[in-house]
Amino acid sequence: MARTKKQKKIKLHPLTEFIVLIAVVIVLSAILSLLNISVTYNTINTQTNKLEQTIITVTNMLSYDGVKNMISNAATNFISFTTLSTLIITLIGIKVSEATGLIQSFMKRRLSKFNPKFITFLIMILAIFSSIINEVGYALLIPLGALLFLFNGRNPLAGVATAFAGVAFGYSISFFVGSIDINLIPYTMKAARLIDETFYVRMTSNLYIMFPTCILLALVGTIITEKIIVKKLGRYVSKKHDELGKTKEIEYLDLQYEEQKKIKEEEREKKGSKYAKISAVIVVLIFLYMIVPGLPLSGMLLDLNETAYVDQLFGENSYFQDGFTYMLALFFIITGIAYGIGAKTIKNDKDLIEKTSEGLSSLGMLLLMIFFASQFISIFKETNIPTIIVVALTNFLKMLPLSGLALLIISIVIIAIANIFMPTSMSKWTIISPVMVPMLMQLNISPQFSQFIFRAAESMTNGITPLLAYFIVYLGYLNIYNKDKEKSFGIRDGIKLMMPYFIWMTLAWILIIISWYLIGLPLGPKVYPTL
């Protein structure tokens, strides 16, 4: 009999999708292990600066040891998942400020005066700049982006998308030297010294190219949000069924207006803002004093074992870098409480705790999603499949009989694909740099430009890979603010929403690279694309 209605496709919840992905990875590891899949690649010995050969094979997760490993490490994978701790610490600070009314008041009194497009640009530029300190931007700006849109009467889903796209597709760039430079440059320099033993790479080697790249990416991202994403997501509505079973859309009231009703007394609001400003200045001054060396009891957040200040601030053992998330949370907590006292929006400590707890109540589903996402990422990494893929792609790059601009474009494509399977910068660069840097040096392309190409290429696909640790935070917030409970945002939906950003911001990255290469503009002080 002919069908009168199209059969509905089965749509899994994103949590279930990660469970399915775990099963697929486990089975795939068993198959590839039986096929004896392995690769050989060279790494640079940090002591001798010589190449050492490494052989890696697929780990069978269906084997006795593999199953034992998955079971025994499940709790560790979840607890040690950096995304979890960073997110929770950041959210405590944000929710305290929200519970006391500081965020709502700030948005009403300050940000509501600006054009909504400027707010979008502000989120995008801050998201891009946030990569100066690891991945704090994901935990901070995704929830803030949602609130900025929400309290301005716009769809918070667009705010989530804007913040995530800015951090993800602009992750490897900022206005100044940051943690990524500290991490990549030693490997870039060691790879360059395979050709020239005296070669030196400065921290500022990509400084000049970063500023215009930040501005261009922020502008492109803003246009995409306003012209595509906002229109695609539409109004912020909720769906409910009436007595006849028909679906009705109930548009949410302008939240900015609601907040105006909540804060009835203008004088209290002004007093709260004054208290918040004073506490903010004090907190910032204390934090600044803690990163200034040479003064009495100062510099406690610096790694004083390092000589260069940038290493003290952003180095591997920097207290500033490790504690920056906590510092941000303290800033929001202290200024939020100060506002609450001044505006009398909180009665006592119990009132504050109850309001903050209520704000954190929506995190249950997100925590569940993070648990299974952490297992998926950890198991996939344990199989060695991502390393094998990156090595295979790097070996393919090495064999290509290309030079000049053609080789640069192919290098971008290969690194971008590799990043989908291994989103961690250091893991990729330790494999790719010993091949890419010397190869391009022999073609008169500077190691500093090779490093910039790597940074650009990995940023291009950050936002479309579920193996990125913070992709689950982005997906979780899409579902937290999703009012159509009959249709959740799955992995495919999250990637689909990012595709316009992926396409146009990738083109922006490529335009910057080609322009700098062809014109020969300086990358940094006395550093050019060619040697």
Side-chain angles (χ1 to χ4, degrees), residues 87-114 118-119 122-123 126 129-130 133 136-137 139-153 156 159 163 254-292 295 297-298 300-301 320 323-361:
L87 179 66
I88 291 176
I89 291 170
T90 305
L91 281 179
I92 290 172
I94 293 174
K95 291 302 177 181
V96 167
S97 291
E98 190 179 353
T100 61
L102 172 61
I103 290 179
Q104 296 91 319
S105 175
F106 176 76
M107 290 179 182
K108 186 186 78 172
R109 295 170 61 86
R110 299 282 181 253
L111 296 183
S112 62
K113 299 176 183 178
F114 293 103
F118 174 77
I119 302 298
L122 181 64
I123 295 172
L126 287 174
F129 179 72
S130 69
I133 304 176
V136 68
L140 175 66
L141 292 171
I142 290 177
L144 275 184
L147 291 175
L148 280 167
F149 270 64
L150 186 65
F151 290 129
N152 279 277
D254 180 32
L255 292 175
Q256 186 179 6
Y257 172 71
E258 286 189 2
E259 291 308 319
Q260 288 173 346
K261 290 194 303 180
K262 287 180 181 179
I263 306 174
K264 296 177 181 179
E265 298 182 16
E266 188 68 22
E267 286 302 317
R268 287 184 177 182
E269 186 179 340
K270 286 181 180 179
K271 189 176 181 180
S273 297
K274 182 180 178 180
Y275 281 27
K277 288 176 185 177
I278 294 172
S279 63
V281 171
I282 293 172
V283 171
V284 169
L285 287 175
I286 291 172
F287 286 158
L288 287 175
Y289 193 79
M290 294 167 81
I291 60 172
V292 175
L295 299 176
L297 300 177
S298 71
M300 66 176 63
L301 292 180
F320 171 77
F324 188 77
T325 302
Y326 184 61
M327 290 160 57
L328 274 177
L330 282 178
F331 176 83
F332 279 108
I333 290 170
I334 294 170
T335 54
I337 292 174
Y339 176 87
I341 293 171
K344 297 184 179 179
T345 55
I346 51 173
K347 299 174 183 178
N348 48 45
D349 60 328
K350 182 181 177 182
D351 184 40
L352 174 63
I353 293 169
E354 286 179 353
K355 287 181 177 179
T356 304
S357 300
E358 186 179 338
L360 293 168
S361 62

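Quantities reported herein were computed from a predicted structural model and do not represent experimental measurements.
- Using a 4.5 Å heavy-atom threshold, the side chains of F332 and I92 count as separate.
- Across T100 and G336, no two heavy atoms sit closer than the pair OG1-O, 3.0 Å.
- In this structure, the separation between CD on E354 and OG on S357 is 7.5 Å, given to the nearest 0.5 Å.
- Counting only heavy atoms from C-beta outward, the side chains of L352 and N348 never approach each other to under 4.5 Å.
- Residues A329 and I89 share a closest heavy-atom pair of CB-O, 3.2 Å.
- The side-chain heavy atoms of M327 and L301, taken from C-beta on, include a pair separated by under 4.5 Å.
- Using a 4.5 Å heavy-atom cutoff, the side chains of L328 and L140 are in contact.
- Nearest heavy-atom pair across Y339 and A276 is CB-CB, 4.0 Å.
- Taking the ring pair (Phe, Tyr, Trp, His ring centres under 6.0 Å) definition, one finds that Y326 meets it with nothing, sequence neighbours left out.
- At distances below 3.5 Å, not a single donor-acceptor pair connects side-chain atoms of S105 with backbone N or O atoms of L102.
- For the atom pair OG1 of T356 and CD1 of I94, the computed distance is 12.0 Å after rounding to the nearest 0.5 Å.
- M300 CE to I291 CD1: the interatomic distance, rounded to the nearest 0.5 Å, is 12.5 Å.
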Quiz prompt | Residues K95, E98; criterion salt bridge (Lys or Arg N to Asp or Glu O under 4.0 Å); working and verdict | solution = CA-CA 5 Å; K95 291 302 177 181; E98 190 179 353; 3.2 Å; yes
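- Counting heavy atoms from C-beta outward, L147 and P156 have side chains that stay 4.5 Å or more apart.
- Rounding to the nearest 0.5 Å gives a distance of 9.5 Å between CG of L144 and CG of L126.
- For Y275, there are no ring pair (Phe, Tyr, Trp, His ring centres under 6.0 Å) partners at least two apart in sequence or on another chain.
- Looking at residues two or more places apart in sequence or on another chain, you find no ring pair (Phe, Tyr, Trp, His ring centres under 6.0 Å) involving F331.
- Residue T325 forms a side chain to side chain contact (heavy atoms under 4.5 Å, CB included) with just one option from L330, T90, I88, and that option is T90.
- The shortest heavy-atom contact between G137 and S130 is CA-OG, 3.3 Å.
- With S97 contributing its side chain and I103 its backbone, the two residues share no donor-acceptor pair below 3.5 Å.
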